[in-house]
> 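Here it is, the structure, as structure tokens.
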Amino acid sequence: MKTAFIATFPWLSSIAAAGLLRETVSRDAALPQLRGAFRDVVSTHAIPMRKHKLAPSTIHPALHRRANVPARLKNIYDVYYSIDLVVGNQTVAVSVDTGSSDTWMVQEPYECVSFWFEPGGSTPNCGLGSGFKGALSGGTLPDLPPFVRSYVDGTFVSGFYGQEDVTIGGITAHNQRLALVNYTYWHGDGQTSGLLGLAYPYLTSLDGSDQNQPPYDPVFTTMWRSGAIDPVFSIALSRSEDQGNQTGSGPSSGQKESYLALGGLPPVDVDEQTWARTPIHSMKAVPQWGFETDERGMYIIKPDAFVVAKAGNGSDPDVELVRNTTQIPVLIDNLWIILTHSTGLVNQLYAAFDPPAKYMSTGGLFYALCNATVPKFGVQIGDSTFYMAPEDLLRQTARDPTKEWCRIGITDTDSPPHVLGVSFLTNVVSVFDVGNSEMRFAARKKY
Ligand SMILES: *[C@@H]1O[C@H](CO)[C@@H](O)[C@H](O)[C@H]1NC(C)=O
Ligand SMILES: *[C@@H]1O[C@H](CO)[C@@H](O)[C@H](O)[C@H]1NC(C)=O
Ligand SMILES: *[C@@H]1O[C@H](CO)[C@@H](O)[C@H](O)[C@H]1NC(C)=O
Ligand SMILES: *[C@@H]1O[C@H](CO)[C@@H](O)[C@H](O)[C@H]1NC(C)=O
Ligand SMILES: *[C@@H]1O[C@H](CO)[C@@H](O)[C@H](O)[C@H]1NC(C)=O
Ligand SMILES: *[C@@H]1O[C@H](CO)[C@@H](O)[C@H](O)[C@H]1NC(C)=O
């Protein structure tokens with residue numbers, strides 16, 4: 001996740017305290033409400049996403065202090081799902097991020113800086129692909145403050161705003177406000193050059209010295225407000241490293257691909273019986289953030305329960321060990337690889353591995369023997385419980401140096417927000433229905 005965060009940054013509560021939050025605007029009443037049947041159809045604008053894996057990096061200790069990143073949360077930003085944006089007449093690869101709202105890319109030439117003293121004076125490497133070249137046809141937006149964002153993993157970008165047509169999968173956001181970055185500390189995958197932020201306009205207002213700029217419409221908002229698509233998008237994230245294919249749209253090389261679908265569903269098979277819906281909550285749903293606004297900013301839902309079970313085996317059914325029905329707010333965020341939850345629940349899960357999982361200081365996260373018996377972990381939404389596949393719960397590809405211990409796909413943190421990241425999202429199709437202020441999920445068929 002590159003979410004511009006929040007829980008860790010005291011300025012947010014100071015905004016709320018100063019009463020600087022804007023009036024709530026509720027559009028919900030004007031929009032048709034779904035009752036009963038789901039009207040989702042497969043989108044003709046389903047864009048395959050490429051999945052890139054990054055060698056896990058270590059965040060410098062200084063950054064842990066600076067950004068208040070819990071030490072255990074290092075090494076989590078190791079998966080990127082990317083698409084091509086057409087910006088004016090240039091194609092720029094960016095990472096898709098449901099946890100932030102700005103769309104930005106580097107402009108060539110840009111300056112990559114290191115955040116701390118590099119022994120030996122090595123040249124910093126931001127891991128960015130080739131950026132936008134030349135000028136935006138809509139020019140720069142001169143009366144705005146500079147574009148500056150800091151992300152929870154200690155990275156930052158800075159640059160300026162401009163306007164240009166932005167096209168994704170045949171849908172164009174005309175005269176879209178976006179940011180070009182010319183000064184950054186970044187930890188990228190070497191292929192993408194920026195981010196496509198898919199969250200709400202509200203987050204764009206948390207900018208400038210008082211973090212209270214007028215919000216603007218992000219790319220997805222511009223697209224649906226112009227009537228080009230319905231106000232909904234959905235994602236299917238592949239577990240495999242299939243590279244995706246930008247040229248095809250619609251069902252192509254099968255179930256392994258990842259998709260961003262604008263205006264409808266991605267072309268992947270789901271278990272239709274499992275469709276479930278739940279409201280998207282406003283920023284004040286996370287009390288620790290100190291917001292008093294009813295505005296929605298990120299995709300925050302409150303699952304009905306979290307379940308830990310001992311897996312059955314053909315003759316014996318599953319044995320439910322825990323069903324915690326406390327409704328806590330969680331973010332749906334595709335740039336977190338793992339899922340985070342409260343220590344109590346996660347310890348119950350770790351104990352249910354056989355042999356039990358343990359904390360390994362070398363990896364900074366919990367690991368279990370790669371051949372351990374894996375329990376089941378499920379998230380209940382409505383009447384459906386979505387279980388994570390064993391390979392997402394115990395990640396066979398993320399091993400400690402002995403190669404005998406595998407990383408667990410869920411980690412604990414008692415400081416919100418809790419997150420449903422890639423290790424959960426690979427198991428479902430997620431529909432972000434902004435028009436109806438709800439999310440829908442269905443279990444993906446085994447792939
Ligand atoms: C791309 O757009 C820029 C500015 O809008 C223009 O100057 C340039 O000629 C265009 N290039 C091509 C290959 O169309
Ligand atoms: C980045 O762009 C802004 C706006 O054009 C400019 O003021 C600034 O000097 C540039 N910074 C770098 C490092 O090029
Ligand atoms: C992408 O898909 C299209 C049509 O489905 C196909 O013609 C093309 O060869 C594929 N490209 C790659 C790189 O797989
Ligand atoms: C299933 O598990 C039970 C108890 O854990 C065990 O007694 C039984 O033999 C197992 N059955 C199979 C088919 O593995
Ligand atoms: C359920 O989860 C909540 C929040 O994570 C926690 O405070 C509570 O203690 C848990 N309840 C049980 C019975 O474990
Ligand atoms: C599981 O793996 C560990 C370490 O690699 C090994 O010592 C143990 O014998 C294995 N257990 C089983 C049941 O295969």
Side-chain angles (χ1 to χ4, degrees), residues 36-38 236-240 255-256 268-278 301-328 330 332 337-359 365-398 404-412 418-431 439-447:
F38 299 108
L237 303 183
S238 166
R239 185 177 295 129
S240 76
Q255 296 295 302
K256 286 188 175 165
V268 300
D269 289 339
V270 297
D271 180 349
E272 298 289 342
Q273 304 306 310
T274 59
W275 277 112
R277 61 210 301 207
T278 190
I301 64 164
K302 292 184 178 175
D304 294 290
F306 291 90
V307 181
V308 178
K310 181 178 178 299
N313 62 4
S315 49
D316 292 2
D318 293 352
V319 179
E320 199 166 289
L321 304 172
V322 179
R323 178 172 291 264
N324 188 322
T325 55
T326 307
Q327 295 202 6
I328 59 160
V330 298
I332 306 297
I337 176 69
I338 53 178
L339 185 154
T340 66
H341 205 289
S342 64
T343 305
L345 186 87
V346 174
N347 283 342
Q348 289 168 316
L349 173 74
Y350 293 158
F353 279 79
D354 184 16
K358 67 171 192 184
Y359 179 73
L365 286 168
F366 273 82
Y367 287 73
L369 280 175
C370 297
N371 60 7
T373 303
V374 181
K376 292 179 81 169
F377 183 80
V379 180
Q380 186 192 333
I381 295 163
D383 291 335
S384 296
T385 301
F386 299 100
Y387 287 99
M388 285 169 60
E391 56 266 48
D392 291 323
L393 216 41
L394 189 60
R395 300 175 59 210
Q396 296 291 334
T397 53
E404 291 180 355
W405 295 80
C406 287
R407 190 185 290 176
I408 294 182
I410 300 182
T411 195
D412 65 309
H418 299 304
V419 178
L420 290 174
V422 171
S423 59
F424 174 74
L425 297 173
T426 48
N427 296 279
V428 293
V429 162
S430 317
V431 180
M439 290 208 59
R440 292 186 287 282
F441 298 90
R444 273 184 91 166
K445 290 219 171 122
K446 187 79 185 157
Y447 64 97

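Predicted model, so just to flag it, every value in this text is computed and none were measured.
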> Can you measure from NE2 (His418) to CD1 (Ile410) and round to the nearest 0.5 angstrom?
12.0 Å
> Between Leu394 and Cys370, which heavy-atom pair has the shortest distance, and what is it?
CD2-O, 3.8 Å
> Looking only at heavy atoms, what is the nearest atom pair of Ala368 and Phe353, with distance?
CB-CD2, 3.8 Å
> Within this structure, what is the OG1-CE distance for the pair Thr426 and Met388, rounded to the nearest 0.5 Å?
7.0 Å
> Check whether any side-chain N or O of Thr278 sits under 3.5 Å from a backbone N or O of Ile381 as a donor-acceptor pair, and report yes or no.
no
> Does the pair Asp392 and Phe377 meet the rule for a side-chain contact (heavy atoms from CB on, under 4.5 Å), with working shown?
CA-CA 10 Å; Asp392 291 323; Phe377 183 80; over 6 Å; no
> Of the non-hydrogen atoms in Gly409 and Ser423, which two are nearest, and what is the gap between them?
O-OG, 3.0 Å
> Which pairs count as side chain to side chain donor-acceptor pair (under 3.5 Å) when at least one residue sits in residues 348-358, sequence neighbours excluded?
none
> Mind running side-chain contact (heavy atoms from CB on, under 4.5 Å) on Gln327 and Asp304 for me, showing each step along the way?
CA-CA 6 Å; Gln327 295 202 6; Asp304 294 290; 3.2 Å; yes
> Testing the basics here: between Ser430 and Val428, what is the closest heavy-atom pair and its distance to 0.1 Å?
OG-CG2, 3.7 Å
> If you look at every heavy atom in Arg239 and Ala389, which pair is closest and at what distance?
NH2-CB, 3.5 Å
> Quick one: do Val307 and Tyr387 satisfy side-chain contact (heavy atoms from CB on, under 4.5 Å)? Show the steps, please.
CA-CA 9 Å; Val307 181; Tyr387 287 99; 4.0 Å; yes
> To the nearest 0.5 Å, what is the distance between CZ on Arg395 and CD1 on Ile408?
11.5 Å
> Please report the interatomic distance CZ(Phe366) to CZ(Arg407), rounded to the nearest 0.5 Å.
13.0 Å
> Which atoms form the tightest heavy-atom contact between Val346 and Thr411, and what is the distance?
CG2-O, 3.7 Å
> Would you give the length of the straight line joining atom OG1 of Thr373 to atom CG of Asn313, rounded to the nearest 0.5 angstrom?
10.5 Å
> Testing Asp269, Leu237, Val270 one by one against Val429 for a side chain to side chain contact (heavy atoms under 4.5 Å, CB included), which residue passes?
Val270
> Within the 4.5 Å heavy-atom criterion, are Phe441 and Ile332 side-chain neighbours or not?
yes
> Roughly how far, to the nearest 0.5 Å, is CG of Leu425 from CZ of Arg444?
11.0 Å
> Evaluate side-chain contact (heavy atoms from CB on, under 4.5 Å) for Trp405 paired with Leu369, printing each intermediate quantity in order.
CA-CA 4 Å; Trp405 295 80; Leu369 280 175; 3.6 Å; yes
> Quick check: does any side chain N or O of Asn427 sit under 3.5 Å from a backbone N or O of Phe424, one acting as donor and the other as acceptor?
yes
> Arg323 side chain to Ala309 main-chain N or O, any donor-acceptor pair under 3.5 Å?
no
> Heavy-atom count around Glu272 CD within 6.0 Å, excluding the residue itself: above 12?
yes
> Strictly distance-based, threshold 3.5 Å: is any side-chain N or O of Gln396 a donor or acceptor partner for the main-chain N or O of Ala398?
no
